[in-house]
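Okay, structure first, notes after.
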Amino acid sequence: TSVPPLNNEPDTSPADGLVRFKGGSDSLTIRWAGADEPHTQIAVKICYVDGDIVDRKWRKFKPEIDLNKQCKQTADEQAFLVSAFDSNATSGFTTVKLGQNVAPARYTIQVLARNETDYT
């Protein structure tokens with residue numbers, strides 16, 4: 001399965017409008033809506049914004065979900081911020097504590113719906 005590029009606009013002032021979280025101690029609540037395709041699980045990825053992957057080949061975007069290095073954490077290459085969990089809801093939320101290994105950077109959150117064989 002593949003995904004389109006994130007198309008994040010580079011920030012002219014990185015501090016404007018951003019909320020700071022600290023790995024190992026802070027939590028965030030992730031909400032989603034519009035998961036209309038039939039699915040049985042939801043998974044959550046943390047993705048570097050485009051400005052934080054420039055000149056960093058180890059964070060390169062690839063359209064295949066499992067190969068996309070833009071959406072992996074750095075310290076232990078954790079593939080998902082939240083592993084897939086059972087859900088067939090079209091909208092919902094989950095709260096997750098950020099791991100100690102989350103690199104200081106700017107991120108977006110990617111929520112993926114999954115059926116028995118693939119991401120939808």
Side-chain angles (χ1 to χ4, degrees):
T1 299
S2 64
V3 293
L6 295 175
N7 294 328
N8 301 307
E9 295 296 323
D11 294 331
T12 55
S13 177
D16 289 349
L18 297 179
V19 177
R20 293 187 184 271
F21 294 95
K22 184 175 180 181
S25 61
D26 286 338
S27 297
L28 55 115
T29 299
I30 301 161
R31 298 179 190 282
W32 69 91
D36 298 331
E37 294 292 322
H39 62 277
T40 57
Q41 292 184 318
I42 295 289
V44 179
K45 286 186 166 236
I46 185 170
C47 306
Y48 296 102
V49 298
D50 288 345
D52 284 354
I53 66 170
V54 174
D55 297 327
R56 295 178 173 106
K57 293 178 184 176
W58 60 92
R59 294 181 183 173
K60 185 176 180 175
F61 171 80
K62 292 190 178 185
E64 300 83 8
I65 290 172
D66 293 332
L67 301 176
N68 186 5
K69 295 179 182 178
Q70 185 174 1
C71 295
K72 282 192 175 183
Q73 298 176 38
T74 56
D76 69 356
E77 288 294 312
Q78 183 175 335
F80 291 89
L81 179 63
V82 177
S83 296
F85 57 92
D86 292 342
S87 174
N88 60 3
T90 58
S91 63
F93 71 93
T94 187
T95 299
V96 60
K97 184 174 180 177
L98 293 173
Q100 186 68 37
N101 66 330
V102 176
R106 296 173 297 159
Y107 295 98
T108 60
I109 300 296
Q110 184 180 60
V111 178
L112 301 165
R114 182 177 173 84
N115 61 27
E116 286 84 24
T117 59
D118 211 355
Y119 294 99
T120 59

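In this chain, residues are counted from 1 in sequence order.
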- Before giving the answer on side-chain contact (heavy atoms from CB on, under 4.5 Å), spell out for Asp52 and Arg59 the whole-Å C-alpha distance, their side-chain angles and the decisive distance to 0.1 Å. CA-CA 8 Å; Asp52 284 354; Arg59 294 181 183 173; 4.0 Å; yes
- side-chain contact (heavy atoms from CB on, under 4.5 Å) assessment of Ile109 paired with Val44: CA-CA 7 Å; Ile109 300 296; Val44 179; 3.6 Å; yes
- Message: Checking Ile65 against Lys45 for the side-chain contact (heavy atoms from CB on, under 4.5 Å) test, could you report, in this order, the C-alpha distance in whole Å, the side-chain angles of both residues, the deciding distance, and whether it holds?
- Response: CA-CA 10 Å; Ile65 290 172; Lys45 286 186 166 236; 3.9 Å; yes
- Apply side-chain contact (heavy atoms from CB on, under 4.5 Å) to the pair Val49 and Thr108, showing each step before the final yes or no. CA-CA 6 Å; Val49 298; Thr108 60; 3.9 Å; yes
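In the displayed structure, Phe93 atom CZ is contacted under 6.0 Å by at most 12 heavy atoms of other residues, nucleotides or ligands.
In plain terms, the two heavy atoms of Lys69 and Lys57 that are nearest each other are CD-O, 4.3 Å. Looking at every heavy atom in both residues, Ile53 comes nearest to Phe61 through CD1-N, 4.4 Å. Across all non-hydrogen atoms, the minimal contact from Pro38 to Asn115 is O-CB, 3.9 Å.
Counting only distance, with no hydrogens or angles, the side chain of His39 and the backbone of Ala89 share a donor-acceptor pair below 3.5 Å. Panel note: side chain Asn68, backbone Pro63; no donor-acceptor pair is recorded below 3.5 Å. At least one donor-acceptor pair under 3.5 Å links the side chain of Gln70 to the backbone N or O of Tyr48.
In this structure, CD on Gln110 lies 4.5 Å from SG on Cys71, to the nearest 0.5 angstrom.
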Enumerate, atom names and distances included, each donor-acceptor pair closer than 3.5 Å involving a side-chain atom of residues 28-35, sequence neighbours excluded.
{"residue": "Thr29", "atom": "OG1", "partner": "Thr95", "partner atom": "OG1", "Å": "3.0"}

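Two residues are said to be in side-chain contact when any heavy atoms from C-beta on lie closer than 4.5 Å; Ile42 and Arg114 fail this criterion.
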